[in-house]
There are 2 protein chains.
Amino acid sequence: MVELQTHPIDTVFHALSDGTRRRMLRELAQGERTVSQLAEPHDMSLAAASKHIKVLEGAGLIRREIHGRTHLCRLEPGPLATAHEWLTFYERFWTSRLDILERLLREEDAQTSAQDEIRKSPLKSPAPQKSETEPETGEDQ
Amino acid sequence: MVELQTHPIDTVFHALSDGTRRRMLRELAQGERTVSQLAEPHDMSLAAASKHIKVLEGAGLIRREIHGRTHLCRLEPGPLATAHEWLTFYERFWTSRLDILERLLREEDAQTSAQDEIRKSPLKSPAPQKSETEPETGEDQ
DNA sequence: AAATTATTCAACCGATCGGTTGACAATAAA
DNA sequence: TTTATTGTCAACCGATCGGTTGAATAATTT
């Protein structure tokens, strides 16, 4: 048993990296659900869904209460807050006006310097550079 | 080639689920870095680090500019903003006073109703229930 | 031209992932 | 007491993950 340290946030981000599990969280945002209620919309065996739920539970994203033969799950927002906080560290990179200006300058620089030698100067961008300043969709699930 | 749809945010959360990659992002928050600069602090082969960098690139979290034989990487905050936004949906669950009250009531209810029958009422919590209201560490990496 | 440096690629490895199936345990309903 | 219902468990499967090594590529230095 080696058990090399796995940071808790590893398991949170891992849990969130699966669409099925994200949909389950969305469902739980509406209120408590049993295991079979959570499983129902997903095209997979109950056992598979049960595993997903266990992953969410392992990440601390949900908690379950056992009432007789049914297990009631509810959202546990703590780890989501932690992940949110973690990402907030990078907020300045997508909000700061300075940074936007910086990026624009870099792109402009890339265009004008497309033909000159790239020898010692460590900040040129000769790559194809498709205009991608807008953040991607976000969407459901 | 089946290629079942993988949501972009899947790859973002997956990229973030690894400590090595999160440390690389932190490093890139300080400024641009070459592949070997990013690899250096990590106890693994350059090839392994290179793979991590490719994962980050695949998730759109970084972008690289090739200058001769060196690859300069820089942070691309868009996907981080997307993930942050995604998590923001759940913000009300960890901020709302109403929700805190709700949770407190639920815990109190659990204590007082520990001995009465749990038959038809769908909102009882008889589980051991260790007090966990505080969000976990957050920390570095 | 030869040697060094920066990086990727391809093949391989064991571990983990996401799914299946079939059996099982426990509760609830007939 | 029998029968359903709810959910887990264990074993298995192919795919992906995170790492290795050795070779290849490409640019720079000597």
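Not measured: the values here are computed from a predicted model. Below, chains carry the letters A, B, ... as their sequence lines are ordered, and counting in each starts from 1.
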*Asks:* Using the side chain to side chain contact (heavy atoms under 4.5 Å, CB included) rule, pick out the option among A:Arg64, A:Arg33, A:Glu32 that qualifies with A:Arg74.
*Replies:*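 Testing A:Arg74 for a side chain to side chain contact (heavy atoms under 4.5 Å, CB included) against A:Arg64, A:Arg33, A:Glu32 leaves exactly one candidate, A:Glu32.
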*Asks:* Pairing donors with acceptors under 3.5 angstrom, does anything connect the side chains of B:His14 and A:His14?
*Replies:*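 Checked: B:His14/A:His14 side chains show no N/O donor-acceptor pair below 3.5 Å.
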*Asks:* Nearest whole Å is fine: how far is C:dG19 P from A:Leu46 CG?
*Replies:*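 Those two atoms, CG and P, are 13 Å apart.
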*Asks:* Rounded to the Å, how far apart are A:Met44 CE and C:dT21 P?
*Replies:*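 One finds 13 Å between P of C:dT21 and CE of A:Met44, rounded.
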*Asks:* Of the nucleotides C:dT20, C:dA6, D:dG7, which one has an atom closest to the side chain of A:Ala47?
*Replies:*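 Nearest to the side-chain atoms of A:Ala47, counting from C-beta on, is C:dT20.
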*Asks:* Just compare D:dT20, C:dT7, C:dG18 and give me whichever is closest to any side-chain atom of B:Ala48.
*Replies:*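 My answer, after comparing the listed nucleotides, is D:dT20.
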*Asks:* What do the steps show when you test A:Val55 against A:His52 for side chain to side chain contact (heavy atoms under 4.5 Å, CB included), and what is the final call?
*Replies:* CA-CA 5 Å; A:Val55 170; A:His52 279 298; 5.5 Å; no
*Asks:* Strictly below 4.0 Å: does A:Ser50 bring a side-chain N or O up to OP1 or OP2 of D:dT8?
*Replies:*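 It does, given that an N or O in the side chain of A:Ser50 lies less than 4.0 Å from OP1 or OP2 of D:dT8.
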*Asks:* To the nearest angstrom, how far is A:Ile53 atom CD1 from D:dG7 atom P?
*Replies:*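 One finds 8 Å between P of D:dG7 and CD1 of A:Ile53, rounded.
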*Asks:* Measuring from the side chain of B:Thr70 (C-beta onward, heavy atoms only), which nucleotide among C:dG19, C:dT7, D:dG19 has the closest atom?
*Replies:*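 Taking heavy atoms from C-beta onward, the closest nucleotide is C:dT7.
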*Asks:* Rounded to the Å, how far apart are B:Ile66 CD1 and D:dT25 P?
*Replies:*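 So the two atoms are 16 Å apart, to the nearest Å.
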*Asks:* Rounded to the nearest 0.5 Å, what separation is found between the OG1 atom of A:Thr20 and the NZ atom of A:Lys51?
*Replies:*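 If we round to the nearest 0.5 Å, A:Thr20:OG1 and A:Lys51:NZ are 13.0 Å apart.
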*Asks:* Roughly, in whole Å, what's the span from NE2 in A:His71 to C1' in C:dA28?
*Replies:*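 Atom NE2 in A:His71 sits about 14 Å away from atom C1' in C:dA28.
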*Asks:* Figure out the NZ/P separation between B:Lys51 and D:dG22, and round it to whole Å.
*Replies:*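 Distance check: B:Lys51 NZ to D:dG22 P gives 15 Å.
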*Asks:* Judged by each residue's nearest nucleotide on DNA chain C, which is more toward the 5′ side, A:Arg21 or B:Val35?
*Replies:*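 Residue closer to the 5' terminus by nearest nucleotide: B:Val35.
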*Asks:* Within this structure, what is the CD-to-C1' distance between B:Glu40 and C:dT7, rounded to whole angstrom?
*Replies:*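 Atom CD in B:Glu40 sits about 16 Å away from atom C1' in C:dT7.
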*Asks:* When you check the phosphate oxygens OP1 and OP2 of C:dT20, does a side-chain N or O of A:Ser45 lie under 4.0 Å from one of them?
*Replies:*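 The answer is yes; a side-chain N or O of A:Ser45 sits under 4.0 Å from OP1 or OP2.
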*Asks:* Is there, by distance only and without an angle test, a donor paired with an acceptor across the side chain of B:Arg69 and the base of D:dA27 below 3.5 Å?
*Replies:*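 Between D:dA27 and B:Arg69, which were checked side chain against base, a qualifying N/O pair under 3.5 Å is present.
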*Asks:* Tell me whether B:His42 contacts the main-chain N or O of B:Met44 through its side chain, where contact means a donor paired with an acceptor under 3.5 Å.
*Replies:*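 No, the answer is negative, given that no donor and acceptor are paired below the 3.5 Å cut-off.
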*Asks:* Once you round it to whole Å, what is the distance between P of C:dG19 and NE2 of A:His42?
*Replies:*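 So the two atoms are 10 Å apart, to the nearest Å.
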*Asks:* With a 4.0 Å limit, can you tell me whether A:Lys54 has a side-chain N or O closer than that to the phosphate oxygens OP1/OP2 of D:dC9?
*Replies:*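 For D:dC9, OP1/OP2 do have a side-chain N/O of A:Lys54 under 4.0 Å.
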*Asks:* If only side-chain N and O atoms of B:His14 are considered, is one of them under 4.0 Å from the OP1 or OP2 phosphate oxygen of D:dT16?
*Replies:*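 For D:dT16, OP1/OP2 do not have a side-chain N/O of B:His14 under 4.0 Å.
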